[in-house]
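The structure appears below as structure tokens.
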Amino acid sequence: MRTKDENKTKAIKHAVIELSQSEGLTNLTTAKVAKLAGVSPATIYLKYKDKTDMLSRIYEEVKTELHAGVQESILDAGDNVEAQLRAVLNYSVQQWHKYPKESEFINALWTNQELLDASAIESGNQKEGPLVDLFARIDANPAFINVPRVILEAFASLPGTVRQLASNNDQALIDQTIDLILKALKV
């Protein structure tokens, strides 16, 4: 892709994330995205079929970017499943802190899946990858209770939510949240 096209794609992505924050997903239109991105509406339709396609592709891209270091955080934690889970939860909080708008965008779309296409939903329901592998190790580990994946995912999002709601970036509060999650998941 040419640099000019890459810049337009980045501008569209940035505009979508900004407008989802300021106007909400339901009020987001391709015309507003085009205006904020400084591109013509036709440019958006050259890249995306419609609003759903645009949100879905950007969701997949941002989710991939936010999860880029998950595997490394798991490997750095060694072989202990509890340490791996703790590392992933801390990584998640770090990503929320570094990329709050992107994290909110992902969360908003995941809780409004009707705005995503089947491919994006499938991407969100990963069938493979480091998180899925970790969830399988938790399932197989007798020290942990057997819970549906959706509950593990809800617990995994909790530290980021606490970090978002806290008035400061209090690592002790995050550590306490992670400790509570681990206690809730253990036999």
Side-chain angles (χ1 to χ4, degrees), residues 10 13-25 55 58-113 115-116 120-121 123-187:
K10 286 178 186 177
K13 176 179 152 186
H14 175 76
V16 167
I17 292 169
E18 288 295 322
L19 288 168
S20 71
Q21 296 284 302
S22 63
E23 307 223 359
L25 291 168
L55 290 173
I58 293 172
Y59 167 85
E60 292 168 343
E61 181 182 343
V62 172
K63 187 173 187 292
T64 299
E65 291 168 355
L66 289 174
H67 287 192
V70 168
Q71 179 70 39
E72 186 178 336
S73 70
I74 291 171
L75 292 173
D76 288 348
D79 293 332
N80 182 286
V81 174
E82 183 175 334
Q84 292 174 348
L85 180 55
R86 184 179 295 278
V88 166
L89 294 172
N90 272 309
Y91 177 80
S92 173
V93 170
Q94 290 168 4
Q95 293 299 85
W96 270 86
H97 184 68
K98 280 173 70 173
Y99 307 104
K101 290 180 180 181
E102 291 83 351
S103 297
E104 274 299 310
F105 174 73
I106 293 299
N107 190 48
L109 278 169
W110 195 243
T111 56
N112 293 283
Q113 291 184 21
L115 299 173
L116 295 171
I121 292 170
S123 170
N125 288 322
Q126 295 173 319
K127 302 288 187 230
E128 56 186 47
L131 283 178
V132 174
D133 295 343
L134 176 59
F135 290 163
R137 287 192 299 281
I138 290 168
D139 252 358
N141 190 316
F144 290 90
I145 61 173
N146 192 353
V147 297
R149 181 175 162 190
V150 68
I151 293 175
L152 284 174
E153 291 171 351
F155 275 136
S157 70
L158 187 59
T161 303
V162 169
R163 199 228 63 60
Q164 183 184 17
L165 294 173
S167 58
N168 58 10
N169 192 20
D170 184 356
Q171 187 60 42
L173 184 61
I174 299 304
D175 290 340
Q176 183 180 16
T177 304
I178 292 171
D179 288 342
L180 288 170
I181 291 168
L182 290 170
K183 284 179 185 176
L185 292 173
K186 294 190 87 176
V187 174

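One-based numbering along the sequence shown. Remember, predicted model here, so these are calculated numbers, not experimental data.
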Testing Ile178, Asn80, Val81 for side chain to side chain contact (heavy atoms under 4.5 Å, CB included) with Arg86, which one passes?
Ile178
Can you name the one residue among Leu85, Ile181, Val147, Leu131 that meets side chain to side chain contact (heavy atoms under 4.5 Å, CB included) with Leu152?
Val147
Say you draw a straight line from [atom1] of [X] to [atom2] of [Y]; how long is it, rounded to the nearest 0.5 Å?
X: Lys13; Y: Ile58; atom1: NZ; atom2: CD1; answer: 8.0 Å
X: Ile121; Y: Asn125; atom1: CD1; atom2: CG; answer: 7.5 Å
X: Ser103; Y: Ile17; atom1: OG; atom2: CD1; answer: 9.5 Å
X: Asn107; Y: Leu66; atom1: CG; atom2: CG; answer: 11.0 Å
X: Ile145; Y: Leu185; atom1: CD1; atom2: CG; answer: 6.0 Å

Below 4.5 Å, heavy atoms only, C-beta onward: do [X] and [Y] meet side chain to side chain?
X: Asp175; Y: Asn90; answer: yes
X: Ile74; Y: Arg137; answer: yes
X: Arg163; Y: Thr177; answer: no
X: Lys98; Y: Gln95; answer: yes
X: Leu19; Y: Ser22; answer: yes
X: Val62; Y: Tyr99; answer: no
X: Phe155; Y: Leu89; answer: no
X: Glu102; Y: Glu65; answer: no

Whether over 12 other heavy atoms sit under 6.0 Å from Glu153 CD:
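It does: Glu153 CD has more than 12 such atoms within range.
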Would you indicate whether Glu61, at its atom CD, is surrounded by more than 12 heavy atoms from other residues, nucleotides or ligands within a distance under 6.0 Å?
yes
Determine yes or no for a side-chain-to-main-chain donor-acceptor pair under 3.5 angstrom, with [X] supplying the side chain and [Y] the backbone.
X: Tyr59; Y: Leu109; result: no
X: Glu23; Y: Ser20; result: no
X: Ser92; Y: Val88; result: no

What closest approach, in Å, do [X] and [Y] show between heavy atoms, and which atom pair accounts for it?
X: Ala83; Y: Ala77; value: O-CB, 3.6 Å
X: Ala120; Y: Trp110; value: O-CZ3, 4.4 Å
X: Ser73; Y: Val70; value: OG-O, 2.8 Å
X: Ile174; Y: Pro159; value: CD1-O, 3.6 Å
X: Val187; Y: Pro142; value: CG2-O, 3.3 Å
X: Lys186; Y: Phe144; value: CG-CE2, 3.9 Å

Evaluate side chain to side chain donor-acceptor pair (under 3.5 Å) for Asp79 paired with Gln84, printing each intermediate quantity in order.
CA-CA 7 Å; Asp79 293 332; Gln84 292 174 348; 5.1 Å; no
Which is it for Glu104 and Trp96 under the side-chain contact (heavy atoms from CB on, under 4.5 Å) test, yes or no, and what are the steps along the way?
CA-CA 8 Å; Glu104 274 299 310; Trp96 270 86; 3.0 Å; yes
Could you walk me through whether Asp76 and Tyr91 pass the side-chain contact (heavy atoms from CB on, under 4.5 Å) test, one step at a time?
CA-CA 11 Å; Asp76 288 348; Tyr91 177 80; over 6 Å; no
